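Please read all numbers here as calculations on a predicted model, not as lab measurements.
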Amino acid sequence: MSKRTLAFMAAIGATLIYALNHTIAKGVMPTYVKPFGFIFLRVVGATLLFWGISFFGPKERVEKKDWFRLLVCALLGMSINMLSFFKGLELSTPINSSVLITISPIIVVLLSFFLLKERITFNKGFGIFLGFVGALVLILFGAEIRQDAPNIPLGNTLFVVNSAAYGAYLIIAKKLVEKYHPFTLMKWLFLIGLVINFPITFSEFLEIEWATMPLWVYGVIAFVVIGTTFLTYLFNIFAMTELKASTIGAFIYVQPVFGILFAMAMGKDQLTLVKILAGVLVLLGVYLASKRVRPNS
C-alpha cells in the first residue's frame with residue numbers, strides 16, 4: 001500500500017473520529033463527566049502521550065521570541081477552543097455541533113484579512129456572509145425542548161466561539177509549524193494548555209465518581225483522550241506529509257455528514273428543516289470562502 005493511500009486513510013480516520021466524537025462524548029455529559037472535567041482528562045492525557053512520543057522526534061529548543069506565540073496558541077487551541085466546544089456540546093445537540101464547527105475555514109479567511117492583510121474576493125466575502133447566516137439561523141431558530149440539551153442557543157454560540165478560537169489558533173500557529181517539528185509543538189502546547197486549564201477544570205475533575213462509573217464510560221473517556229485528542233493530531237500530521245492542504249481541507253465537508261448520520265443512527269438527534277437549511281448555508285459558505293481562484297493563463 002502506497003504512502004499516499006495511507007495518507008488518505010489517515011485523513012479519513014481523523015474525520016471519522018471527529019464526527020463520532022459529537023455523539024459519543026455527549027453521551028456521558030454531564031451525568032458521569034462534566035465538560036470541564038472532560039477537558040482536564042483530555043489535556044492531561046494528551047500531554048503525557050505527546051511528551052512520550054516526543055523522545056522519538058528531533059531534540060529542538062524553542063527560541064525565546066517564540067514562547068509568547070506558543071502561549072497564545074495554547075490559550076486559543078488548547079483552552080478556549082476545547083472548553084467552549086465541550087460546554088457547547090453539553091448544552092446543545094450533536095447535529096448542531098457537527099454543522100457549526102465547519103465554519104472554522106471561514107474564520108481563517110476572515111482573520112487572514114485582518115491579521116495578514118490577505119485580500120477577500122467577492123466569492124470569499126459572499127461565502128463568509130452565507131456561513132454566518134447559517135450559524136445565526138441555528139442560534140436564533142434552532143431551539144428545541146430537549147432534556148439533554150438545556151440551552152441550545154447558548155450551546156450553538158459556544159460552537160461559534162470554538163470555531164473562532166480554532167481559526168485564530170491556525171493563523172497564529174502557522175509560523176511555528178513552519179519552524180518546529182510537530183512533536184515539539186504538541187508537547188509544549190499541551191503542557192502550557194494544561195497549566196492554563198488546571199484552575200478552570202480541576203474542580204469538575206474531582207467531582208467524577210470513578211468507583212460507581214459504568215465500564216462503558218471508561219471506554220468513552222479513552223476514546224476522547226486517545227482518539228479525538230491524540231490520534232487525530234497524528235493522523236493529520238501524517239496526512240499533511242503526503243497530501244496537499246487543500247485536499248485535507250476538503251474532508252471538512254465530510255465530517256458533518258458522518259456526524260449527522262451517526263447521531264441519527266444512535267437515536268441521539270434528528271434532522272429538522274432549520275438544521276438542514278442552516279447546514280446547507282454553512283457548507284456552501286465554507287466552500288465559497290475556501291475555494292481558490294485560479295489565475296488567468
Side-chain angles (χ1 to χ4, degrees), residues 1-18 20-21 25 33 36-83 85-86 165-166 169-202 205 208 210 218-243 245 248 251:
M1 188 178 294
S2 68
K3 283 189 175 181
R4 184 173 175 80
T5 302
L6 287 173
F8 270 110
M9 293 176 64
I12 293 171
T15 301
L16 273 172
I17 292 172
Y18 280 132
L20 299 181
N21 181 65
V33 185
F36 289 177
F38 229 142
I39 297 305
F40 180 86
L41 292 169
R42 189 177 178 185
V43 176
V44 168
T47 300
L48 293 173
L49 290 169
F50 277 115
W51 272 88
I53 67 169
S54 68
F55 294 103
F56 299 98
K59 303 298 184 287
E60 296 178 314
R61 293 178 63 89
V62 177
E63 295 182 18
K64 287 184 179 180
K65 64 179 181 179
D66 292 327
W67 281 109
F68 180 73
R69 186 178 290 268
L70 270 173
L71 175 62
V72 175
C73 286
L75 178 63
L76 292 169
M78 283 67 189
S79 184
I80 298 174
N81 167 47
M82 291 187 180
L83 293 171
F85 175 75
F86 267 70
Y166 187 68
Y169 160 78
L170 292 177
I171 293 291
I172 297 173
K174 188 174 181 180
K175 289 185 178 180
L176 295 174
V177 172
E178 295 171 352
K179 189 172 183 179
Y180 298 103
H181 190 276
F183 289 179
T184 303
L185 284 180
M186 289 302 107
K187 74 176 186 180
W188 286 114
L189 285 173
F190 273 100
L191 182 60
I192 297 171
L194 174 58
V195 174
I196 295 172
N197 286 323
F198 186 86
I200 305 170
T201 61
F202 189 63
F205 166 73
I208 301 174
W210 297 98
Y218 285 92
V220 171
I221 292 173
F223 173 83
V224 173
V225 173
I226 299 173
T228 308
T229 313
F230 178 69
L231 288 180
T232 51
Y233 276 99
L234 288 183
F235 288 166
N236 281 327
I237 287 169
F238 176 69
M240 284 189 288
T241 64
E242 296 293 328
L243 303 175
I248 297 172
F251 283 93

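- With rounding to the nearest 0.5 angstrom, the CZ atom of Phe36 is 7.0 Å from the CD1 atom of Ile200.
- Checking side-chain atoms of Ser54 against main-chain N and O of Phe183 turns up no donor-acceptor pair under 3.5 Å.
- Residue Ile196 comes nearest to Pro199 through the heavy atom pair O-CD, 3.4 Å, listed as atom of the first residue, atom of the second, then distance.
- Under the 30°/60° scheme for interplanar angles, the aromatic rings of Phe202 and Phe198 are found to lie parallel.
- For Phe230, the ring-ring contact (aromatic ring centres under 6.0 Å, His included) criterion is met by Phe50, not counting sequence neighbours.
- Residues Ile17 and Phe223 are in side-chain contact: their nearest non-hydrogen atoms beyond the backbone lie under 4.5 Å apart.
- Heavy-atom contacts from other residues, nucleotides or ligands closer than 6.0 Å to NZ of Lys59 number more than 12.
- Applying the side chain to side chain donor-acceptor pair (under 3.5 Å) test to Glu63 and every residue at least two apart in sequence or in another chain returns Lys179.
- Pairs passing the ring-ring contact (aromatic ring centres under 6.0 Å, His included) check and including a residue from residues 56-81, sequence neighbours excluded, read Trp67-Trp188.
- Lys175 is not listed as a side-chain neighbour of Asp66, based on a closest heavy-atom distance of 4.5 Å or more.
- Side-chain contact check for Met82 versus Phe38: every heavy-atom pair is 4.5 Å or farther apart.
- Among all heavy-atom pairs drawn from Phe86 and Val224, the shortest one is CZ-CG1, 3.8 Å.
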